[in-house]
Structure formats: structure tokens, C-alpha cells
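Keep in mind the model is a prediction, meaning the values are calculated, not measured.
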Amino acid sequence: MSTRDAPFAELLASSYATSVGEPLVPEGVDAAGWLYEASFGLLAHDTSPDPLFVYANLTAQRLFEYSWDEFSGLPSRLSAGQDDRRTREELLEGVQDRGYASGYRGPRVAKSGRRFWIDDATVWNLVQDDGTRVGQAAIIPRWYEA
């Protein structure tokens, strides 16, 4: 996948609209470019047993201190510190069952070990047109240093 993958941007947008009930991307814009350059963090992982990141926009790359190539294939559990992973996993399990969660706040860790908090995040399932769940995504609109 590339940083501006149009079919993946459509999957992000359509899954968000279905789950959350509102549009993710303004009408009439290039969704892939807009999402990649958005001011909010946007991450997505797959459904493997130890989910791997498949997408991180520029804001998420800066926030977590990983390049696109470093993010791609990184186990998503590494976005949280060891002590915070169980709470993160409970959130993701709940999203898997309910379709999405909003208003999430939790601690995260950057590549350097710098700790920070994400605030008011929305997490949703990525679901293809045929109903197959292929991952989960998260928008991080706010964050602050721990």
C-alpha cells in the first residue's frame, strides 16, 4: 500500500461513515491526499493475531516518531507501553463487537520512549462492502505530553 492509496482511503471513509454515522472526508476532496495530510492522527491495523499497522498518516508518523516504512508492518500493540496494553486491547475488543468507540483517552508511547496521552480518539472497524472485517482504524484529534 502507498501513502495515498485511493481504495484504502475509500475503505477508511466508508467504514467510518457506516459505523459512526457521519462523513470522515469533506465532499469533493481527494480523500487519500486529504487523509494523509490531515491535522489529526490517523492509524489503521489489520486483523492478524498480533495486528500490524497498515496505515499511518503524516501526523501519526510525527506523533509516534516512526516513518511510513517503519510503521508499515509494526505490531500495533507497540503504540502503547507494556503496562497500558491490556486496557488498549479491551478497547479494541469492544470496538470489534460494537463497531466503533468514541471519546477514548489513553497513554501511548513514541519510538523514542516518549510518553504522551491521546484524547477524544475514535476507533472503528474497517469493513469491506461484502461485510468482511479487515482491520480497525483510529482518529486522534488531540494529544498532549505525559
| task | Could you label the plane-to-plane angle of the Y55 and W68 rings as parallel, tilted or perpendicular, counting under 30° as parallel and over 60° as perpendicular? | result | perpendicular
| task | Taking all heavy atoms of T59 and all of A38, pick out the closest pair and write down the distance. | result | OG1-O, 2.6 Å
| Which is it for V25 and L12 under the side chain to side chain contact (heavy atoms under 4.5 Å, CB included) test, yes or no, and what are the steps along the way? | CA-CA 9 Å; V25 178; L12 287 165; over 6 Å; no
| task | Report yes or no: do V123 and V127 belong to one cluster of Ile/Leu/Val/Met/Phe/Trp/Tyr joined by side chain heavy-atom distances under 4.5 Å? | result | no
| query | Which pair of heavy atoms, one from S76 and one from F53, lies closest together, and at what distance? | reply | CA-CE1, 3.3 Å
| Check against side-chain hydrogen bond (donor to acceptor under 3.5 Å, both in side chains), T132 and D130 | CA-CA 6 Å; T132 304; D130 66 2; 2.8 Å; yes
| query | Can you find a pair of side-chain heavy atoms, one from V134 and one from V54, that are under 4.5 Å apart? | reply | no
| task | Go through the steps for D84 and R115 under the test salt bridge (Lys or Arg N to Asp or Glu O under 4.0 Å), then give the verdict. | result | CA-CA 11 Å; D84 304 313; R115 295 184 57 82; 2.7 Å; yes
| said: Between S79 and R88, does the side chain to side chain contact (heavy atoms under 4.5 Å, CB included) criterion hold? Intermediate values first, please. | reply: CA-CA 9 Å; S79 66; R88 178 188 163 276; 3.6 Å; yes
| field | Exercise: identify the closest heavy-atom pair between N125 and V95 | value | ND2-O, 2.9 Å
| Single-linkage hydrophobic cluster L11~V20, side-chain heavy atoms < 4.5 angstrom | yes
| message | Do L63 and Y144 land in one hydrophobic cluster if side-chain heavy atoms of ILVMFWY residues count as linked below 4.5 Å? | response | no
| message | Looking at every heavy atom in both G73 and L52, which two are closest together, and how far apart are they? | response | O-CD2, 3.3 Å
| With a cut-off of 6.0 Å (strictly less than), are more than 12 heavy atoms of other residues, nucleotides or ligands near CG of D129? | no
| request: Please examine the side chains of L126 and F8, heavy atoms only from C-beta on, and report whether any two atoms are closer than 4.5 Å. | output: yes
| Which residues share a salt bridge (charged side-chain N to carboxylate O under 4.0 Å, His left out) with D120, sequence neighbours left out | R142
| query | Hey, is the main chain of L58 close enough, under 3.5 Å, to the side chain of E37 for a donor-acceptor pair? | reply | no
| Spacing of CG belonging to L92 relative to CZ belonging to R85, to within rounding of 0.5 Å | 12.5 Å
| query | Side-chain contact, heavy-atom cut-off 4.5 Å: R108 with I140? | reply | no
| said: Hydrophobic clustering (ILVMFWY, side-chain heavy atoms < 4.5 Å, transitive) - are I139 and F116 grouped together? | reply: no
| query | Can you name the closest pair of heavy atoms from F64 and F71 and give their distance? | reply | CB-CZ, 3.6 Å
| message | How long is the straight-line distance from OG of S15 back to CD of E10, given to the nearest 0.5 Å? | response | 8.5 Å
| Atom pair OG/CD of S14 and Q128 - distance to nearest 0.5 Å | 9.5 Å
| task | Please check if any side-chain donor atom of D46 sits under 3.5 Å from a side-chain acceptor atom of S48, or the reverse. | result | yes
| field | Distance in Å, R77 CZ paired with R86 CZ, rounded so as to fall on 0.5 Å steps | value | 14.0 Å
| message | Can a donor-acceptor pair be found, under 3.5 Å and without considering hydrogens, that links the side chain of R105 to the backbone of W117? | response | no
| Side chains of L74 and K111 in contact at under 4.5 Å (non-hydrogen atoms) | no
| task | Check the pair E145, R114 against salt bridge (Lys or Arg N to Asp or Glu O under 4.0 Å), reporting the backbone distance first and the verdict last. | result | CA-CA 8 Å; E145 299 305 311; R114 176 182 56 84; 3.1 Å; yes
| said: So, using ring pair (Phe, Tyr, Trp, His ring centres under 6.0 Å) as the criterion, who are the partners of F40 when residues are at least two apart? | reply: W34
| task | Report yes or no: do Y104 and L43 belong to one cluster of Ile/Leu/Val/Met/Phe/Trp/Tyr joined by side chain heavy-atom distances under 4.5 Å? | result | yes
| remark: Closest non-hydrogen atoms of L42 and A60, given as atom of the first, atom of the second and distance, are O-CB, 3.8 Å
| Listed by chain and number, what are the ring pair (Phe, Tyr, Trp, His ring centres under 6.0 Å) partners of Y100, not counting sequence neighbours? | none
